[in-house]
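Below, chains carry the letters A, B, ... as their sequence lines are ordered, and counting in each starts from 1.
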Number of protein chains: 2
Amino acid sequence: MKENTSPIYYADATPLLLAVDCIIFGFDRDSLKLLLFQRKVAPFQDEWSLIGSFVKQEESVLKAAERVLKTHTGLTNVFMEELGSYGEVERDPGARVISIAHYALMRLAEEYKQIDQTYKAQWFEFDQLPDLILDHHQMVQDALEKLRRKTRYRPIGFELLPEKFTIPQLRMLYEVIYQRPLDRRNFRKKILSMKILEKLEEKDKTSSRKGAFLYRFNPEKYQEMVKRGVDFVI
Amino acid sequence: MKENTSPIYYADATPLLLAVDCIIFGFDRDSLKLLLFQRKVAPFQDEWSLIGSFVKQEESVLKAAERVLKTHTGLTNVFMEELGSYGEVERDPGARVISIAHYALMRLAEEYKQIDQTYKAQWFEFDQLPDLILDHHQMVQDALEKLRRKTRYRPIGFELLPEKFTIPQLRMLYEVIYQRPLDRRNFRKKILSMKILEKLEEKDKTSSRKGAFLYRFNPEKYQEMVKRGVDFVI
DNA sequence: CCAAAAGTGTTATCGCTACACCCATGA
DNA sequence: TCATGGGTGTAGCGATAACACTTTTGG
């Protein structure tokens, strides 16, 4: 039944190359990281790049981004959202290519650190990025800005933490993203007052002798909060 | 010197049709409006649609959106921003087309109301829109949501008002966008406390015997406010 | 027993909300 | 003179920011 390539309509329009690129954020204890790859195709072969691919005839733009993520990291079910399009005529000397950038947030647990080996990718400290091809550096800057704005008003920061995390870990994440210290006591009060976290019995003792209680984000409780008309703000 | 269509690279990628569509908001005294057109090409010829066009080989995506706006309204220098991409495979039965939607805000002064005659377009009350083709209704909904969020944190509402406006007019605009009443006195205090408006000597007497003072948005003052670290919030 | 991080409570201040009254003017 | 919308002031409340002390425990 597929007739979407019918040549009857739009015959005078010029087809263009459309790509997706993914800005992949990770977080490790006290630093924000970015996953980069060495480009496999010319031009700019072997230079550092975001992962990307052309959008195929038979897949949606979002599906293309998800395919790219899966192909290069082996992961699915990762938080991902559209960042925006990059459509300057001369942005890619290889051809006229429009790219729709997406940013993704992923937990950087031990198993995922091995992405390096399997997929020939590398996690970079955010403040020690190598030169990137094309306008990828701009994409990264734009993604960071969006991340800063978005984490403040939406509960997406949890995507960067393991399922179970401590309040100090969560605070550290926000401190790294915002690049400024947050008051320990006020932060704890604020996040707990929203009642969107479940306190567990376990403690994490990796960063103190006393140990800190682990918590888990509860999406249902978050939905209840939204229904009550309460805003998520940090 | 243009070599961006060199066939050497990316030979295996499939080109696709890429379009831009514009969601054009207007504001008239006490109602939000949307500019729509009757589509000139098949499929769906003569049905109501957002304005749009295919992106050409030699123009950026943004330029394409600006061209569309100019072609159909005669206007340039209109506030416009990317909304996002619409990239489902089956979204357009005419062909596989990805659209990058943009929303625009324009002053709806007397001269622009004549857009109707000149360009065969029509302003619709926002709550009385006709059926729209494809996923254009979804685009409009998404644009409205973005407008609501954005006007709250960025000084873009002024784009919908004449250069000179009264505080009650400005408040009315926000009431229409947010769909809820705002306290007259608190609104005035808040907006004036930011010190981003210039008070003029003139009064507007069209809506009251006493008349209301006219103001003008001052972008330089807004920049100063931003530097002071003060947030724009309404 | 002590260093180091986790956890708790209190107070002052700022901003927002909710309100009531006066002002200017054309009809 | 009065109806109508414009303009101003204030008190109360809630959220946030600033800040000091106690708890736990491995070494």
Give every pair of a protein N or O atom and an N or O atom of nucleotides 12-14 of chain D that lie under 3.5 Å apart, one pair per line with the distance.
none

Listed by chain and number, what are the side chain to side chain donor-acceptor pair (under 3.5 Å) partners of Ser53(A), not counting sequence neighbours?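 So Ser53(A) forms a side chain to side chain donor-acceptor pair (under 3.5 Å) with Arg67(A).
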
With sequence neighbours left out, what residues match Glu198(B) under side chain to side chain donor-acceptor pair (under 3.5 Å)?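 Partners of Glu198(B) by the side chain to side chain donor-acceptor pair (under 3.5 Å) criterion, ordered by chain and then number, come out as Asn218(B).
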
Rounded distance (Å) that lies between atom [atom2] of [N] and atom [atom1] of [X]:
X: Asp231(B); N: dT16(D); atom1: CG; atom2: P; value: 14 Å
X: Ile234(B); N: dT17(C); atom1: CD1; atom2: C1'; value: 16 Å
X: Met194(A); N: dT16(D); atom1: CE; atom2: C1'; value: 12 Å
X: Arg209(B); N: dA3(D); atom1: CZ; atom2: P; value: 11 Å
X: Phe187(A); N: dA18(D); atom1: CZ; atom2: P; value: 16 Å

Decide, yes or no, whether a salt bridge links Glu175(B) with Arg180(B) under the criterion of side-chain N to carboxylate O below 4.0 Å.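 Arg180(B) and Glu175(B): not salt-bridged.
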
Would you be so kind as to tabulate the donor-acceptor pairs closer than 3.5 Å made by side chains of residues 186-194 of chain B, with sequence neighbours excluded?
{"from": "Asn186(B)", "atom 1": "OD1", "to": "Lys189(B)", "atom 2": "NZ", "distance (Å)": "3.3"}
{"from": "Ser193(B)", "atom 1": "OG", "to": "Lys189(B)", "atom 2": "O", "distance (Å)": "3.4"}
{"from": "Ser193(B)", "atom 1": "OG", "to": "Lys190(B)", "atom 2": "O", "distance (Å)": "2.7"}

Of all residues at least two apart in sequence or in a different chain, which pass the side-chain contact (heavy atoms from CB on, under 4.5 Å) check with Lys63(B)?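 Listed in chain order: Glu59(B), Ser60(B), Glu66(B).
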
Where the side chain of Lys190(B) is defined as all heavy atoms beyond and including C-beta, which of dC16(C), dG26(D), dT25(C) is the nearest nucleotide?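 Among the listed nucleotides, the one closest to the side chain of Lys190(B) is dC16(C).
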
Among all residues two or more places apart in sequence or in another chain, which pass the ring pair (Phe, Tyr, Trp, His ring centres under 6.0 Å) test with [X]?
X: Tyr153(A); result: Tyr153(B)
X: Tyr222(B); result: none
X: Phe79(B); result: none

Sequence neighbours excluded, which residues qualify as salt bridge (Lys or Arg N to Asp or Glu O under 4.0 Å) partners of Arg91(B)?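 Counting only residues at least two positions away or on another chain, Arg91(B) forms a salt bridge (Lys or Arg N to Asp or Glu O under 4.0 Å) with Asp135(B).
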
Can you list the residues that meet the salt bridge (Lys or Arg N to Asp or Glu O under 4.0 Å) rule with Glu47(A), with sequence neighbours excluded?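 Scan of Glu47(A) (salt bridge (Lys or Arg N to Asp or Glu O under 4.0 Å), adjacent residues dropped) gives none.
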
If the helix axis at each end comes from five base pairs, how far does the helix from dC1(C)-dG27(D) to dA27(C)-dT1(D) deviate from straight, to 10°?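 Axis-to-axis angle, ends of the helix: 10°.
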
Which comes earlier along DNA chain C counting from the 5' end, the contact point of Val233(B) or that of Lys205(B), where each point is its nearest nucleotide?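 This one resolves to Val233(B).
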
Which nucleotides of nucleotides 6-11 of chain D have their base under 4.0 Å from a protein heavy atom (B), which only their sugar-phosphate (S), and which neither (-), written as one string 5' to 3'? BBBBB-

Centroid-centroid distance, Phe165(A) to Phe217(A), less than 6.0 Å: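 No, ring centres 6.0 Å or more apart.
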
